[in-house]
Structures are given as structure tokens and as C-alpha cells.
Amino acid sequence: MFLSVFDLFKIGIGPSSSHTMGPMTAARRFLDEAAGDDWPRPAGAKVDRIVASLHGSLAYTGIGHGSDRAVVLGLAGETPQTVDPDQADGVVARIAAEKRISPPGHPSYRFDPATDLVLDRKTPLTGHANGMAFSAYDADDRLLLRRIYYSIGGGFVVSEEELQRMKAKDSVTTEGKKVPYPFKNAVQMLSMAAKSGLSIADMKRVNEETQMSREELDAGLDGIWIAMKRCIDRGLSQDGIMPGGLKVRRRARQLHDKLQEQWQQNRPNPLLANDWLSIYAMAVNEENAAGGRVVTAPTNGAAGTLPAVLRYWLHFHPEADQPSIRDFLLTAAAVGGIIKTNASISGAEVGCQGEVGSASAMAAAGLCAVMGGTPEQVENAAEIALEHHLGMTCDPVGGLVQVPCIERNALGAVKAVTAASLAIKGDGTHFVPLDAAIETMRQTGLDMNEKYKETSLGGLAVNVVEC
């Protein structure tokens with residue numbers, strides 16, 4: 001199975017890959033499809049009005065996650081990769097006032113967000129918890145085209161037909177992509193590493209270079225880290241109240257200033273590494289909560305864990321260099337691909353074990369690899385990190401990616417470093433295989449009550465408000 005590193009690490013805006021980036025991508029995709037010629041329509045019929053509805057988790061927490069805003073931006077022709085976060089609110093406000101969308105390269109369509117964008121909590125779409133339906137009508141309000149899309153985690157969007165093919169083939173990304181090391185699970189990965197004598201990062205690199213040149217791959221990897229670093233730096237420079245109504249204040253800048261003061265005073269701090277890890281992760285997720293530009297790693301809700309561990313590597317390890325950053329990301333993507341292929345990275349599908357749990361496993365694997373770990377030690381590090389996130393629910397207060405999400409990323413980073421440290425001190429032999437932990441996460445997600453899977457109907461989302 002092959003998932004590119006750029007499938008796992010996507011640059012976009014917050015606060016959610018499933019609830020923001022996914023709906024924006026789906027809206028833009030429908031917009032382009034409606035303007036195309038590959039669907040039947042009555043002679044002379046033209047699209048005049050567009051209607052959208054959000055279902056399942058998208059309906060329950062869509063406002064808090066900005067899903068409604070994302071759909072409007074997508075229908076305006078924006079994409080998660082290119083939209084300007086500072087201009088987004090102005091675009092949405094203009095469309096609400098004009099009740100029309102005029103995307104570049106398209107005619108103007110009727111679209112009133114107040115009536116043509118529905119958060120439907122009563123009608124679930126059966127394919128996935130994050131379902132969306134888009135419809136196009138002519139000037140007489142006759143239905144011309146209807147499409148259903150699913151946001152399946154990490155910014156991935158599939159149509160209803162693609163989802164069925166994906167389930168039938170047990171794969172979404174292998175079509176047309178033949179690679180030298182097509183490992184579907186950790187057992188295959190370790191077997192291929194043993195036979196080839198290559199590291200996990202080296203195998204992943206060989207696979208990626210069947211799709212692009214080495215120069216393109218390295219430039220892309222460097223671009224991912226630059227975007228992560230800029231997000232950390234911006235998060236450390238901002239303060240104030242985050243949007244959404246919970247009145248949660250940013251803390252990363254203040255904590256960073258205190259830590260810098262201690263650092264300059266050379267005061268002993270046994271928790272120094274943990275403190276830096278936590279601050280880096282919080283900086284990213286505060287940016288995400290504010291709708292800033294982040295990198296899915298593998299999702300927006302878990303975007304802070306891996307960058308924090310990578311920044312920790314650069315901060316505390318003098319041997320860290322640019323090639324090691326690339327190896328870190330390649331190794332992390334290899335593990336993330338296995339998790340996504342065999343379980344899920346969607347909080348709406350399996351809870352936060354699939355988001356922060358996956359992120360922590362990916363970060364642990366990457367860190368262990370650049371610290372000199374063998375493939376067996378890397379697999380062990382990923383397993384330790386994932387095992388100790390099993391059962392974690394997704395219960396965002398107010399449907400916002402703030403509480404408990406921001407601190408949860410910090411603790412995920414701490415667990416990742418601990419897991420890598422434990423694994424590197426062993427010989428790779430361990431009791432629970434990574435594949436078993438992944439399958440357990442999948443089964444736990446299936447058994448988990450829906451109210452604990454990004455609906456804000458249970459857990460902290462209910463009890464904090466009631467208290």
C-alpha cells in the first residue's frame with residue numbers, strides 16, 4: 001500500500017482537517033464538477049443555484065469547527081492550500097450580503113448561506129460520520145446534479161462512489177501507483193527492511209521517488225518543515241482570546257517567555273524538555289484554533305504533536321541537521337500510512353486515539369529513527385505511543401478544537417519522546433506488535449459510543465458546560 005508523505009502532511013488552514021479542509025475541498029470539487037460537461041442534463045439547462053448540507057459529525061460540530069465557513073470559501077473557489085486566512089472572513093461576509101457566489105472562471109450562482117447551507121443533524125449519510133451533500137439547480141429550481149462526499153480524516157475527501165470502491169479494494173491510494181516497497185502493515189515493513197537492508201526512511205524515499213525526482217521530494221519535505229516551523233513561531237508570538245465563544249486565552253507565548261527567562265538564568269529544571277515540547281505543541285494548536293495556517297500531521301486537531309517533537313529534536317540534539325528532518329518526516333509518514341490504511345485518523349470515526357494517538361505514534365517513530373534506531377526499534381516506539389492513547393475519546397467543548405485538544409497535543413508530544421526513548425534503549429523486541437495496537441484502535445473506534453466521536457454530545461463537551 002502506498003500513501004505519499006504529502007498525503008499525510010498537507011498545508012492548509014485550521015481549525016480542523018476533517019471539518020474545515022475537507023468541506024472546503026469538497027465544495028471546490030463540486031463547483032468544478034458542476035461546471036463540467038461529464039454529467040447528463042436537459043438540453044440548454046444551466047446551473048443557477050447551489051445548495052449544500054452537512055451531516056453527522058459535520059452537522060453537530062460544524063459551527064465550532066468552521067465547517068459552514070469552509071463550504072462557503074470552497075464555493076467561492078478557495079482551496080485549503082491557497083486561501084488567505086486573513087481575508088477569509090471578508091469573503092464569507094461578502095457572499096452572505098450578496099447571496100451569490102462568483103468563483104473565478106465560473107458564472108455567478110445563487111447561493112444564500114442562511115438558507116442554502118444546512119446543518120442536517122437528523123439525516124446521517126451512511127458512508128462515514130463526516131458526510132456532505134451538494135446539489136445544483138437551474139433557474140426554475142429543478143435539480144440538475146447531486147453529489148455526496150465524505151471527509152475521511154486528514155483532509156482526505158472521497159465521493160460516494162470512490163468510498164465504495166475504496167472499501168471494496170481495501171485501499172484508496174494504490175491505484176496507478178506501483179512502488180518497490182508496498183508495505184500495508186508493520187510486519188511487511190519490517191520484513192522488507194530486513195531483506196533490503198534499508199531503513200524505513202530509505203524505503204519510503206525509494207517509494208516516493210517513483211512519483212517525483214529526489215530534488216522535488218526534498219524540496220517538498222523542506223517545505224513541510226518550513227510551514228510547521230512558521231506555525232510554531234507565529235503561535236509563540238500571539239496572545240489574546242481565541243475565537244469561538246469559550247473565551248479561552250492563548251498561553252503559549254506567555255509560557256515561552258517564562259521558559260526563556262529560566263533558560264537565560266541557567267536555573268535547573270528537570271522538566272525542561274517536557275516544557276519545551278508542551279509549548280511548541282500548544283503554539284501550533286492555538287494557531288489551528290484561531291484558523292491559522294497549519295500542516296496536517298496527520299490531522300489539524302493533532303497538528304501540534306509531531307512538529308513539537310521535531311522542534312525538540314533540533315533544540316536538544318546537536319547532531320540534528322536537514323537530512324535528519326527529512327528522515328524524520330519520511331519515517332513518520334510510513335507509520336501514518338499504515339495506521340490510516342488499517343484503521344483511521346478521523347476523530348469522527350474512532351475518537352481522538354485516531355488523531356493525537358496516530359500523531360504521537362508517527363512522532364515517536366520519526367524521533368527514534370533519527371536517534372539511530374533500527375526498524376524494529378522504530379516500530380516499537382510507534383507501538384508504545386499508540387498503545388497508550390487507546391480508547392481516547394474526541395469530546396471537544398463547544399465543538400471547538402480548543403479544550404481538551406490543545407493540551408492533548410502537548411501530552412501526545414511528551415508521550416512520543418518517552419516512547420522513542422524507551423524503544424531506543426531496547427533491542428526492538430517487545431510484547432505487543434504495532435499491527436495489534438492499530439487493529440485494537442480500529443475495533444475500539446467501532447465500539448465507541450457516537451457521542452464520544454467528535455459530536456460534542458458527551459464527555460467534557462457536556463460536563464464542563466454543565467459544571
Side-chain angles (χ1 to χ4, degrees), residues 8 186 228 232 252 255 270-285 288 296-317 328-329 331-336 338-339 343-345 347 350-371 373 377-395 401 403-426 428 430-434 436-438 440-441 444-445 460:
L8 275 301
M228 288 179 172
I232 293 173
L255 293 173
L271 298 176
L272 185 63
N274 285 354
D275 288 345
W276 281 109
L277 278 166
S278 299
I279 289 168
Y280 291 148
M282 291 171 65
V284 171
N285 285 88
N288 181 59
T296 61
T299 67
N300 281 26
T305 295
L306 190 144
V309 175
L310 188 45
R311 184 75 170 254
Y312 155 86
W313 162 249
L314 294 168
H315 189 150
F316 286 97
H317 292 261
F328 186 111
L329 292 172
T331 306
V335 169
I338 291 173
I339 295 173
S344 175
I345 58 172
V350 296
C352 198
Q353 58 175 349
E355 295 204 37
V356 172
S358 296
S360 186
M362 292 166 64
L367 181 60
C368 185
V370 296
M371 290 171 64
Q377 289 171 320
V378 169
E379 185 259 1
N380 187 15
E383 184 279 322
I384 294 170
L386 184 61
E387 178 183 340
H388 298 290
H389 284 88
L390 291 176
M392 181 174 284
T393 59
C394 183
D395 50 354
V401 192
V403 180
C405 316
I406 294 171
E407 288 182 355
R408 188 167 284 176
N409 274 261
L411 272 294
V414 172
K415 286 185 181 181
V417 171
T418 303
S421 181
L422 287 172
I424 203 78
K425 292 177 174 62
H430 56 288
F431 189 79
V432 179
L434 174 59
I438 293 171
T440 301
M441 182 178 78
T444 303
L460 287 174

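Excluded from the calculations below are hydrogen atoms, water molecules and symmetry mates; all remaining heavy atoms, backbone and side chain alike, are included. Because the structure is a prediction, the values reported are computed rather than measured.
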Test item: Met441 and Ile339 side chains (from C-beta on) under 4.5 Å apart, heavy atoms: yes
Across all chains, not counting sequence neighbours, the side chain to side chain donor-acceptor pair (under 3.5 Å) partners of Asp275 are Asn269
Tightest non-hydrogen contact, residues Ile338 and Ala186, listed as CD1-N, 3.8 Å
Heavy atoms of Glu383 and Val432 approach each other most closely as CG-O, 3.1 Å
Separation between OG1 (Thr305) and CG (Leu310), nearest 0.5 Å, reads 12.5 Å
Discussion item. Could you tell me if the side chain of Pro404 sits less than 4.5 Å from the side chain of Asp395, heavy atoms only?
Written reply: yes
### Message
For a side chain to side chain contact (heavy atoms under 4.5 Å, CB included) check, start with the C-alpha distance between Leu460 and Thr393, then their side-chain angles and the critical distance, and finish with the verdict.
### Response
CA-CA 10 Å; Leu460 287 174; Thr393 59; over 6 Å; no
Open item on the list: Is there a side chain to side chain contact (heavy atoms under 4.5 Å, CB included) between Leu306 and Met228? Walk through the geometry before answering.
Closed with: CA-CA 9 Å; Leu306 190 144; Met228 288 179 172; 3.8 Å; yes
Begin from the C-alpha positions of Thr444 and Val350 and carry the test side chain to side chain contact (heavy atoms under 4.5 Å, CB included) through to its verdict. CA-CA 7 Å; Thr444 303; Val350 296; over 6 Å; no
Note: Ala385 and Ala364 closest approach over all heavy atoms is CB-CB, 3.9 Å
Indicate yes or no: at least one non-hydrogen side-chain atom of Arg408 is less than 4.5 angstrom from one of Met392. yes
Practice problem: Decide yes or no for Ile384 and Thr418: does some side-chain heavy atom of the first lie under 4.5 Å from some side-chain heavy atom of the second? | Solution: no
So, His389 side chain and Glu387 main chain: donor-acceptor pair closer than 3.5 Å or not? no
Here the side-chain hydrogen bond (donor to acceptor under 3.5 Å, both in side chains) pairs for residues 351-368, sequence neighbours left out, are Thr299-Glu355
Inset, instruction - Give the ring-plane orientation class for His317 versus Tyr312, where under 30° counts as parallel, over 60° as perpendicular and anything between as tilted. - result: perpendicular
When every non-hydrogen atom of Thr331 is compared with those of Ala365, the smallest separation belongs to CG2-O, 3.6 Å
Between Val401 and Gly301, the two heavy atoms sitting closest are CG1-CA, 4.0 Å
### Test item: Thr440 side-chain N/O and Ala436 main-chain N/O as donor-acceptor pair under 3.5 Å
yes
Derivation and outcome, side chain to side chain contact (heavy atoms under 4.5 Å, CB included), residues Val284 and Asn409: CA-CA 9 Å; Val284 171; Asn409 274 261; over 6 Å; no
Next on the checklist: Between Glu379 (side chain only) and Leu434 (backbone N and O only), is there a donor and an acceptor less than 3.5 Å apart?
Outcome noted: yes
query = Hey, are the side chains of Phe316 and Leu272 touching, using non-hydrogen atoms and a 4.5 Å cut-off?
reply = yes
Distance col, row Asn300:CG vs Asn288:CG, nearest 0.5 angstrom, shows 4.5 Å
So CE of Met282 and CG of Leu411: to nearest 0.5 Å the spacing works out to 10.0 Å
### Flag side-chain contact, heavy atom, 4.5 Å: Thr296 against Leu8
no
Note: Ala420 and Leu367 closest approach over all heavy atoms is CB-CD2, 3.8 Å
The side chain to side chain donor-acceptor pair (under 3.5 Å) partners of Ser278 (sequence neighbours excluded) come to none
